[in-house]
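The structure appears right after this line, and notes come after that.
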2 protein chains.
Amino acid sequence: MNKMHKEHNLTKNQKIIFDLIDKSPQPLKAYSILYNVQKKGIKAPLQVYRALDKLVEIGKIHKIESRNAFIACHNSSCQVAKATAFSICEICEKVTEISSTGLSKYLANFKDKDGMKYSKYNLEFFGLCKKCTLK
Amino acid sequence: MNKMHKEHNLTKNQKIIFDLIDKSPQPLKAYSILYNVQKKGIKAPLQVYRALDKLVEIGKIHKIESRNAFIACHNSSCQVAKATAFSICEICEKVTEISSTGLSKYLANFKDKDGMKYSKYNLEFFGLCKKCTLK
DNA sequence: TTTTTAGTTGTTATAATATAACACTATGTA
DNA sequence: TACATAGTGTTATATTATAACAACTAAAAA
Ligand SMILES: [Zn+2]
Ligand SMILES: [Zn+2]
Ligand SMILES: [Zn+2]
Ligand SMILES: [Zn+2]
């Protein structure tokens with residue numbers, strides 16, 4: 001009955017969940033997403049995880065593996081989630097997606113001892129953000 | 001009553017769990033570790049997680065975040081777990097710790113746009129291992 | 001149009017991963 | 001001794017994620 005949302009062909013559940021993540025200043029966890037969308041009719045964990053899986057697959061969001069949390073992609077160059085880098089503040093847990101041409105070129109071309117190249121990577125930096133450094 | 005194990009001052013539980021991980025050719029998950037050490041008197045998840053936490057902290061093992069699994073460190077240069085890189089085969093799930101001076105220097109000196117430097121990082125590369133490429 | 005196909009949905013139940021809280025034990029230091 | 005720090009054993013519980021199945025939707029093929 002409902003048309004898919006025009007932008008990126010997201011379905012209704014995908015759109016609801018993407019919008020929530022996109023508006024959030026920090027990464028959101030799956031069950032916190034669930035609590036926040038129950039009023040919109042999304043009642044079960046699976047409905048959330050299915051949307052998250054799809055959104056990750058198409059590169060609209062990324063999973064912060066060390067936090068089991070999800071953040072919207074704001075880096076037009078990684079619309080397919082295969083080369084991601086983040087900085088994570090160990091005090092306030094602020095997460096920022098890093099988009100550095102130098103870094104992504106370096107990693108995309110990295111070969112190990114066997115000359116093996118990789119199709120994908122995820123890099124997480126940890127430290128203190130500007131704000132937390134000044135405290 | 002028991003003296004701590006001389007090597008690295010591991011306690012009894014830490015030693016049992018480290019030995020198991022160290023002997024394993026692939027990363028082990030916490031509950032698979034639990035099943036494998038029950039005959040040695042370790043009965044509860046917490047006993048495993050506590051040992052794992054400590055072993056990670058002192059750099060004897062690393063956590064593969066994207067797999068929730070643990071691997072022994074075989075890289076003498078990262079005995080404190082603050083700069084880790086792994087290659088992960090997406091078919092056979094083989095994981096190898098990467099020790100590349102070039103890579104670690106590049107990442108240790110990486111500064112983002114704000115000039116922020118990081119105290120720690122974890123990098124996971126994904127692709128096909130040699131064996132799986134040939135199939 | 002009808003049929004088929006792939007994908008998404010809603011639902012209940014359950015699996016897998018990880019931590020809280022508390023009483024106790026061992027060890028090193030003063 | 002007294003005290004501090006770290007590890008242990010235990011029960012219970014929290015958090016994260018998937019299995020299985022029936023129904024529905026959208027889009028493409030016939
Ligand atoms: Zn991105
Ligand atoms: Zn901060
Ligand atoms: Zn290591
Ligand atoms: Zn392989």
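In what follows, chains are A, B, ... by sequence order, proteins preceding strands, each numbered from 1.
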Problem set entry | Which residues share a side-chain hydrogen bond (donor to acceptor under 3.5 Å, both in side chains) with B/Ser66, sequence neighbours left out | B/Glu124
For this session: For residues 93-118 of chain B, pull every pair meeting ring-ring contact (aromatic ring centres under 6.0 Å, His included), keeping only residues two or more places apart or in separate chains.
Result: A/Tyr106-B/Tyr106, A/Phe125-B/Phe110, A/Phe125-B/Tyr118
For this session: Please report, rounded to the nearest Å, how far the P atom of D/dA17 is from the CD atom of A/Glu65.
Result: 9 Å
Exercise. To the nearest Å, how far apart are A/Ile16 CD1 and C/dT8 P?
Worked result: 15 Å
For this session: Please go through B/Leu128's hydrophobic cluster and name the other residues, only I, L, V, M, F, W, Y counting, with side-chain heavy atoms under 4.5 Å joining them.
Result: B/Ile91
Exercise. Ion pair present between B/Asp19 and B/Lys15, side-chain N to carboxylate O less than 4.0 angstrom?
Worked result: yes
Seminar exercise, completed: The ring pair (Phe, Tyr, Trp, His ring centres under 6.0 Å) partners of B/Tyr49 (sequence neighbours excluded) come to none
For this session: Indicate whether OP1 or OP2 belonging to C/dT9 is found under 4.0 Å from a side-chain N or O atom of A/Thr11.
Result: yes
Exercise. Would you say a side-chain N or O of B/Asn9 is under 4.0 Å from OP1 or OP2 of D/dA6?
Worked result: no
Exercise. Roughly how many Å is it from CD in A/Glu57 to C1' in C/dT8, rounded to a whole number?
Worked result: 13 Å
Side-chain donor/acceptor pairs under 3.5 Å, residues 27-40 of chain A, sequence neighbours excluded:
{"residue": "A/Lys29", "atom": "NZ", "partner": "A/Arg67", "partner atom": "O", "Å": "3.4"}
{"residue": "A/Asn36", "atom": "ND2", "partner": "A/Ser32", "partner atom": "O", "Å": "2.7"}

Problem set entry | Side-chain donor/acceptor contact of A/Tyr31 with base of D/dA14 under 3.5 Å | no
For this session: Work out which heavy atom in B/Glu97 is nearest to a heavy atom in B/Asn75; give both atom names and the distance.
Result: OE2-CB, 3.6 Å
Exercise. At under 4.0 Å, does any side-chain N or O of B/Asn68 touch on OP1 or OP2 of C/dA18?
Worked result: yes
Problem set entry | Length of the line joining B/Leu28:CG and C/dA16:C1', which is rounded to integer Å | 16 Å
Exercise. Looking at B/Lys54, does any N or O in its side chain come under 4.0 Å of the phosphate oxygens OP1/OP2 on D/dT8?
Worked result: no
Exercise. Is there a side-chain polar atom (N or O) of A/Lys12 under 4.0 Å from OP1 or OP2 of C/dT9?
Worked result: no
Problem set entry | Side chain of A/Gln14 (C-beta onward), nearest among D/dA17, C/dT9, C/dT17 | C/dT9
Seminar exercise, completed: Here the residues of residues 32-50 of chain A within 4.0 Å heavy-atom distance, strictly under, of DNA chain C are A/Ala44, A/Leu46, A/Gln47, A/Arg50
Problem set entry | Whole-Å gap separating P (C/dT17) and CD1 (B/Ile64) | 15 Å
